[in-house]
A.B. asks: 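Structure incoming, see below.
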Amino acid sequence: MRLSRHICCPPWRDLKYALWLPLYLLLFLALERMPMNQYWATQLPIDAHIPFCEWFVIPYCLWYPLLTAVGLYLLFWDRAAFRRYMLFLGSAFLLSECIWLLLPNGQDLRPAAFPQENLLTALVAGLYRIDTNTNVFPSVHVLGSIGAALAVRDCRGPAGKPLLRAGTAVLAAAVCLSTVFIKQHSVLDVLGGLLLGGLIARPVYRASPAFQPSPKEAPRKSPAYRRHYQKLLSRLNES
């Protein structure tokens, strides 16, 4: 009884806005295990010129703690921003699954063998086993990174400081780049994530104070001596 009352109190009651997450995970697992004989290959010629670099698996894996840390911080410090964050992620992730279902897609970019064997390539191989090369357009890694960067900017608390905003934006950009350097996504998958993220962000953050245009400053009046000087110049020009 005491526990139920505690859960119904803020900030825990706002966890209901994260109820889309179990649904997304269940649908993701179902789509990943769905037999797919044919799919639209999303790779472009430019992808062949992007080298494989196992070091990018580090920012790729940082995506998971990034999204979790931003969500927990907003839950305690800015619940309105948390609700917008959940609305963005829920809309973006579930719409992505609808695209995967209606337009089966994948990419054929994964290397047959790694250029060298080390801890990072072993981590990439583990990711390959967990996450197939299908259901890649648009990239949810890109969508989640966009959502985290927007949410930190939206936050009214200390997370809205310029240094943290910039740091989150840099990490989000690194995550987006990592998807193509570890051959988990194609360039087209990244562009699709950026486009869908932009389309969703506009209605979600339209009412956010952090994204409102700053009011234009009223034009400053010229000092009295300057006005007199300008009048004197105009009289001299007229004479």
Side-chain angles (χ1 to χ4, degrees), residues 21 24-25 27-70 89 92-149 167-200:
L21 183 56
Y24 165 77
L25 292 174
L27 289 175
F28 177 80
L29 292 174
L31 288 170
E32 285 289 286
R33 283 155 179 76
M34 184 179 295
M36 191 178 297
N37 297 325
Q38 292 182 341
Y39 57 78
W40 167 48
T42 63
Q43 62 262 20
L44 298 173
I46 190 175
D47 290 299
H49 299 284
I50 299 176
F52 173 84
C53 181
E54 67 269 21
W55 285 97
F56 276 94
V57 74
I58 298 174
Y60 186 89
C61 291
L62 287 177
W63 182 80
Y64 302 96
L66 170 65
L67 266 62
T68 303
V70 170
L89 292 185
F93 286 13
L94 293 175
L95 280 174
S96 297
E97 290 182 325
C98 292
I99 294 173
W100 301 342
L101 185 61
L102 297 175
L103 183 63
N105 57 80
Q107 52 86 4
D108 305 313
L109 295 169
R110 293 180 173 180
F114 295 119
Q116 56 185 349
E117 297 293 335
N118 52 41
L119 181 60
L120 295 177
T121 54
L123 184 55
V124 175
L127 287 172
Y128 285 176
R129 287 192 296 269
I130 296 172
D131 194 1
T132 68
N133 65 322
T134 58
N135 304 319
V136 293
F137 178 89
S139 168
V140 292
H141 255 66
V142 172
L143 288 166
S145 301
I146 294 172
T168 305
V170 169
L171 179 55
V175 172
C176 294
L177 288 174
S178 72
T179 62
V180 296
F181 278 101
I182 67 168
K183 302 301 179 180
Q184 191 71 359
H185 286 281
S186 70
V187 170
L188 189 60
D189 302 334
V190 174
L191 294 177
L194 292 173
L195 177 60
L196 182 59
L199 293 175
I200 296 174

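Along the sequence shown, residues carry numbers from 1. From a predicted model like this one, the values you see are computed outputs, not experimental measurements.
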A.B. asks: How long is the gap from CZ on Phe93 to CG on Leu25, to the nearest 0.5 Å?
C.D. replies: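 Here the rounded value is 9.5 Å.
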A.B. asks: Enter the distance from Leu103:CG to Tyr39:OH here, rounded to the nearest 0.5 Å.
C.D. replies: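 Reported value, rounded in 0.5 Å steps: 13.0 Å.
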A.B. asks: Indicate whether the side chain of Glu32 and that of Thr132 have a donor and an acceptor atom separated by less than 3.5 Å.
C.D. replies: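 Judged by distance alone, the side chains do pair up.
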A.B. asks: For residues 51-61, dump all side-chain donor-acceptor pairs below 3.5 Å to protein atoms at least two apart in sequence or in another chain.
C.D. replies:
unit_1, atom_1, unit_2, atom_2, d
Glu54, OE2, Gln116, NE2, 2.6
Glu54, OE2, Asn118, ND2, 3.3

A.B. asks: Going from CG on Asp189 to SG on Cys176, what distance comes out if it is rounded to the nearest 0.5 angstrom?
C.D. replies: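 Reported value, rounded in 0.5 Å steps: 12.0 Å.
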A.B. asks: So, Thr179 and Ser139: side-chain donor and acceptor under 3.5 Å apart, yes or no?
C.D. replies: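 No donor-acceptor contact under 3.5 Å links the two side chains.
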A.B. asks: Within the 4.5 Å heavy-atom criterion, are Thr134 and Pro104 side-chain neighbours or not?
C.D. replies: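 In short, these two side chains do not touch, never coming nearer than 4.5 Å.
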A.B. asks: So do Ile200 and Leu95 actually touch side chain to side chain, heavy atoms under 4.5 Å?
C.D. replies: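 SC-SC contact between Leu95 and Ile200 confirmed.
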A.B. asks: Can you tell me how far CE of Met34 sits from CG of Asn135, rounded to the nearest 0.5 angstrom?
C.D. replies: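 Answer for the CG-CE pair, Asn135 versus Met34, is 8.5 Å.
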A.B. asks: Can you name the residues that form a side-chain hydrogen bond (donor to acceptor under 3.5 Å, both in side chains) with Asn105, not counting sequence neighbours?
C.D. replies: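 Expected list: none.
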A.B. asks: Would a 4.5 Å heavy-atom cut-off, applied to side chains only, mark Pro138 and Leu143 as touching?
C.D. replies: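 Answer yes - side chains close enough.
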A.B. asks: What is the distance from atom CG of Leu62 to atom OG of Ser178, rounded to the nearest 0.5 Å?
C.D. replies: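 That separation rounds to 9.0 Å.
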A.B. asks: Kindly say whether the aromatic ring centers of Phe137 and Trp100 come within a distance under 6.0 Å.
C.D. replies: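 For Phe137 and Trp100, the ring centres are not under 6.0 Å apart.
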A.B. asks: Scan the side chains in residues 63-70 for donor-acceptor partners under 3.5 Å anywhere in the protein, sequence neighbours excluded, and list what turns up.
C.D. replies:
unit_1, atom_1, unit_2, atom_2, d
Trp63, NE1, His141, O, 3.0
Thr68, OG1, Tyr64, O, 3.0

A.B. asks: First locate atom CG of Leu44, then atom CD1 of Ile50, and finally report the distance between them rounded to the nearest 0.5 Å.
C.D. replies: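 Interatomic distance, Leu44 CG to Ile50 CD1, rounded to 0.5 Å: 9.0 Å.
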A.B. asks: Are the side chains of Asp131 and Gln184 in touch, meaning some heavy atoms are under 4.5 Å apart?
C.D. replies: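 They are in side-chain contact.
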